Amino acid sequence: MKVVIPSEMSRMEKRTIQEGFLSEDLLMERAGLAVARGVLALSPFPSSVVAMVGKGNNGADAVVALRHLALKSIKTAAILLYPEGEHSKALSLALKRLSVAQGGRPDGILHFSPQTSIHKLRHASVIIDGILGTGFKGEPANEVLVAIETMNALHVPVLSVDIPTGLDGETGRGEKAVQANRTVTFAFPKWGLLVDPGCRYTGDLVVSDIGLYPSLSFPAPSRQLILPEDMATLLPKRPPSLHKGQAGHLLVWGGSDGKWGAPMLSGLGGQRAGAGLLTLLFPHTGPKTSFFPEQMIRSLPESFSEGLSAIFDNIDVVAMGPGLSPGSEELQISRYVLDEFSGPVVADAGIFDLYRNFPMSLVRSNGAPLILTPHPGEFARYLNLPVSTVLEHSTELLLEWSEKLSAIILLKGYRTIIAAPDGRMTVNMTGSPNMATAGSGDVLTGVISGLLAQGTSPYEAVILSAYLHGLAGAELAKSRSIGILARELADSVGLVLSAAATEMDQSVPHDPWGDILLTRPARPILPTTGGPYEKI
Ligand SMILES: NC(=O)C1=CN([C@@H]2O[C@H](COP(=O)(O)OP(=O)(O)OC[C@H]3O[C@@H](n4cnc5c(N)ncnc54)[C@H](OP(=O)(O)O)[C@@H]3O)[C@@H](O)[C@H]2O)[C@H](O)CC1
Ligand SMILES: [K+]
């Protein structure tokens with residue numbers, strides 16, 4: 001599904017109006033109706049609905065919604081943050097119409113003051129947040145901050161129009177934003193609503209079609225969200241005559257004393273994703289058998305400088321780094337893999353420590369595909385940045401470094417983000433807290449590599465793996481929400497992959513109006529920055 005940033009959305013809106021396809025008035029009418037439906041979904045029989053109204057069209061949408069509710073005999077009030085003289089034209093008109101629908105009630109349209117508005121707000125069944133939408137830039141001004149704090153301090157359900165006020169729709173940043181129970185966004189989800197920490201403020205997300213000009217001639221979507229319907233086209237094809245030699249040979253290189261399990265789990269992830277053959281490459285001091293009998297072991301010779309080509313000759317994909325401890329030999333082998341091996345390489349875990357003093361060297365001189373799969377702690381160490389910076393600026397950092405390294409980068413997290421050097425970005429919404437267990441990330445590295453081994457193209461393999469890996473965790477959570485093992489997660493990947501290939505329900509949930517409901521997270525948890533990732 002296409003995902004946009006606010007500036008892109010405003011351009012589309014302008015174009016729709018310029019082309020004479022729909023007027024601003026009609027677009028707003030549809031937006032306001034969608035918000036009114038959203039209010040009734042939160043509270044089917046509201047005693048009163050109050051909207052906090054800024055000066056622009058976000059506020060106008062909220063006022064249109066109030067009019068539709070007022071016409072259903074629901075008690076409504078618009079609380080204005082700015083004097084009439086500062087209102088947009090559309091907002092002024094929407095307020096005039098609201099006043100008619102309210103029968104000219106004097107307490108239907110009021111001015112905001114923290115002291116006098118609190119009573120109305122506290123007794124509302126739902127508060128509509130129409131303070132700022134896609135027009136928001138920088139940090140919320142003081143008067144907006146006061147309004148945000150007032151709303152967040154109350155225990156009244158909040159519905160945000162388009163974007164929770166204070167949230168940056170381009171990056172998902174927003175230290176002081178409205179904590180919404182539901183956000184009704186228009187036409188396409190905004191990137192900042194989906195990524196962490198923005199998703200924690202959004203609540204349930206409804207994407208409502210407001211009838212934009214069809215086939216807007218914008219470039220192919222640069223940002224997207226993976227939905228079940230995208231899966232079928234991405235899955236590797238397995239013809240009836242397939243034999244293991246055609247399903248790809250994956251080599252996982254990694255491990256060190258105390259960490260031999262990591263590459264084994266990556267191998268298992270690759271096998272559960274369908275790789276035909278799996279070899280683990282260990283130093284000569286490493287184990288000679290795997291925990292899993294289906295995995296072959298190859299030991300590096302004591303002096304390996306000449307023997308590397310024989311090892312990598314018949315390999316289709318290399319995954320390197322799980323459990324790896326950095327050293328000069330490791331640097332030498334990684335250089336061989338990056339520069340001489342011609343297939344795709346997936347680099348994880350120990351590789352980031354290996355290259356942390358010279359991050360710009362983690363590139364492939366032969367131009368073959370490179371995929372990096374750090375978690376925020378690894379990415380922060382690799383870039384020599386605080387973890388909090390990586391978490392706050394994940395969108396920008398991924399775009400910058402994926403271009404610099406000509407690599408696809410997948411940043412693991414509550415909402416995993418994937419960036420490609422050409423500027424494409426994908427956010428993944430599947431997952432479950434039961435995946436917070438050692439070896440989860442190793443399995444993901446394996447799943448990506450396993451799909452690559454079967455010929456899936458790199459970007460597609462990465463986004464599909466993120467989706468499947470999260471789905472596997474969510475499926476497991478149905479029977480066990482705590483205490484799962486990474487090997488069980490790998491098993492679950494195999495099951496969801498099989499189900500996806502055969503019988504998966506490929507429709508996106510939607511209500512009778514056609515509004516798409518994207519997520520129903522538990523009561524939002526406030527974001528954390530830094531800390532735990534530094535320890536792993
Ligand atoms: N997408 C669509 O097709 C449609 C969207 N609609 C709705 O319109 C809003 C966007 O409306 P817009 O008027 O462009 O912008 P806002 O309402 O979000 O913001 C209005 C003013 O807010 C001021 N501003 C900006 N940043 C801040 C800040 N940090 N603190 C305080 N105030 C801020 C700014 O005014 P200035 O005078 O300060 O420049 C903005 O002008 C969209 O979100 C949808 O809800 C249409 O209704 C239907 C079509
Ligand atoms: K808003």
Side-chain angles (χ1 to χ4, degrees), residues 2 4-19 21-36 38-39 51-65 67 79-83 85-94 112 127-148 151-152 158-170 173-190 192-193 198 201-203 205-214 216 218:
K2 182 179 170 76
V4 298
I5 55 175
S7 55
E8 210 178 341
M9 190 69 235
S10 306
R11 280 204 303 275
M12 291 181 178
E13 184 193 345
K14 281 201 185 87
R15 174 91 194 276
T16 301
I17 297 165
Q18 275 163 7
E19 295 287 337
F21 187 69
L22 282 189
S23 62
E24 182 181 66
D25 208 29
L26 273 175
L27 286 172
M28 203 166 277
E29 200 59 24
R30 294 189 63 159
L33 252 179
V35 171
V39 167
M52 295 287 275
V53 180
K55 58 176 134 174
N57 289 357
N58 193 255
D61 291 345
V63 172
V64 172
R67 167 162 50 82
I79 298 186
L80 311 177
L81 263 70
Y82 296 92
E86 293 187 34
H87 292 173
S88 72
K89 256 181 26 205
L91 175 56
S92 305
L93 181 60
F112 176 69
I127 299 174
I128 303 178
D129 155 31
I131 304 175
L132 287 165
T134 49
F136 169 64
K137 343 174 239 309
E139 303 292 324
N142 226 15
E143 64 274 15
V144 173
L145 267 185
V146 173
I148 293 172
M151 286 159 78
N152 284 353
V158 173
L159 183 148
S160 283
V161 178
D162 212 15
I163 303 179
T165 294
L167 190 69
D168 184 327
E170 186 165 348
R173 257 197 311 282
E175 270 175 45
K176 300 246 169 62
V178 164
Q179 183 76 69
N181 296 68
R182 176 172 286 236
T183 296
V184 175
T185 201
F186 308 125
F188 300 102
K190 318 296 175 283
L193 297 172
Y201 294 97
T202 301
L205 178 60
V206 175
V207 185
S208 198
D209 176 18
I210 53 167
L212 289 185
Y213 187 73
L216 281 161
F218 282 91

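All values derive from a computational prediction rather than experimental measurement. All values below were derived from every heavy atom in this structure, side-chain atoms included, with hydrogens, water molecules and symmetry-related copies excluded. Atoms within a ligand are numbered from 1 in the order they appear, just like the ligands themselves.
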Does the shortest distance from the K ion (ligand 2) to an N/O/S atom of [X] fall below 3.4 Å?
{"X": "Ile163", "answer": "yes"}
{"X": "Asp129", "answer": "yes"}
{"X": "Asn58", "answer": "yes"}
{"X": "Ala62", "answer": "no"}
{"X": "Gly133", "answer": "no"}

Minimum heavy-atom separation for [X] to [Y], with atom names?
{"X": "Asn152", "Y": "Gln179", "result": "OD1-N, 2.9 Å"}
{"X": "Leu212", "Y": "Thr16", "result": "CD2-OG1, 3.6 Å"}
{"X": "Val184", "Y": "Gly38", "result": "CG2-CA, 4.3 Å"}
{"X": "Glu143", "Y": "Leu81", "result": "O-CD2, 4.0 Å"}
{"X": "Val64", "Y": "Gly32", "result": "CG1-CA, 3.8 Å"}
{"X": "Leu167", "Y": "Ala177", "result": "N-CB, 3.9 Å"}

Hey, which atoms in ligand 1 end up nearer than 4.0 Å to a heavy atom of [X]?
{"X": "Glu139", "value": "28 (C), 29 (N), 30 (N)"}
{"X": "Asp61", "value": "6 (N), 7 (C), 44 (C), 45 (O), 46 (C), 47 (O)"}
{"X": "Lys137", "value": "25 (C), 26 (N), 27 (C), 28 (C), 29 (N), 39 (O)"}
{"X": "Gly133", "value": "16 (P), 18 (O), 43 (O)"}
{"X": "Pro140", "value": "29 (N), 30 (N)"}
{"X": "Met9", "value": "1 (N), 3 (O)"}
{"X": "Val144", "value": "31 (C)"}

Pairing donors with acceptors under 3.5 angstrom, does anything connect the side chains of Glu13 and Asn57?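 Checked: Glu13/Asn57 side chains show no N/O donor-acceptor pair below 3.5 Å.
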Between OH of Tyr201 and NZ of Lys176, what distance do you get to the nearest 0.5 Å? 9.5 Å
Interatomic distance, Leu91 atom CG to Asn58 atom CG [nearest 0.5 angstrom]: 10.0 Å
Nearest-contact summary for [atom] - protein heavy atom, Å:
{"atom": "atom 36 (P) of ligand 1", "value": "Lys55 NZ, 3.6 Å"}
{"atom": "atom 8 (O) of ligand 1", "value": "Asn57 CB, 3.3 Å"}
{"atom": "atom 20 (C) of ligand 1", "value": "Gly56 CA, 3.7 Å"}
{"atom": "atom 17 (O) of ligand 1", "value": "Asn58 N, 3.0 Å"}
{"atom": "atom 30 (N) of ligand 1", "value": "Ala141 N, 3.0 Å"}
{"atom": "atom 43 (O) of ligand 1", "value": "Asp162 OD2, 2.7 Å"}
{"atom": "atom 5 (C) of ligand 1", "value": "Glu13 OE1, 3.6 Å"}
{"atom": "atom 32 (N) of ligand 1", "value": "Leu132 CD2, 3.8 Å"}

Could you walk me through whether Arg67 and Glu29 pass salt bridge (charged side-chain N to carboxylate O under 4.0 Å, His left out), step by step? CA-CA 10 Å; Arg67 167 162 50 82; Glu29 200 59 24; 2.9 Å; yes
Nearest heavy atom to atom 15 (O) of ligand 1 wins, so pick from Ala31, Ser160, Gly135. Gly135
Can you tell which of Leu205, Val207, Thr185 makes a side-chain contact (heavy atoms from CB on, under 4.5 Å) with Lys190? Thr185
Under the criterion side-chain contact (heavy atoms from CB on, under 4.5 Å), which of Asp129, Ile127, Val178, Leu80 is the partner of Met52? Ile127
Are the side chain of Asp168 and the backbone N or O of Gly192 linked by a donor-acceptor pair below 3.5 Å?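 Not a single qualifying donor-acceptor pair exists.
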State whether the side chain of Thr183 and the backbone N or O of Thr202 hold a donor-acceptor pair below 3.5 Å, judged by distance alone.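 Flag set: sc Thr183 to bb Thr202 pair under 3.5 Å.
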Below 3.5 Å, N or O to N or O, backbone or side chain included: is there any such pair between Ile131 and ligand 1?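 No, Ile131 has no N/O under 3.5 Å of an N/O on ligand 1.
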Contact (N/O only, under 3.5 Å) between Phe186 and ligand 1: no
Any idea which part of [X] is under 4.0 Å from ligand 1, heavy-atom wise: side chain, backbone, both or neither?
{"X": "Thr134", "value": "both"}
{"X": "Ile210", "value": "side chain"}
{"X": "Leu212", "value": "side chain"}

What residues form a salt bridge (Lys or Arg N to Asp or Glu O under 4.0 Å) with Asp209, not counting sequence neighbours?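 With neighbours one apart ignored, the set is empty.
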Is the number of heavy atoms from other residues, nucleotides or ligands within 6.0 Å of CD (Glu86) greater than 12? yes
Flag atom 24 (N) of ligand 1 as yes if some protein heavy-atom distance to it falls below 4.0 Å, otherwise no. yes
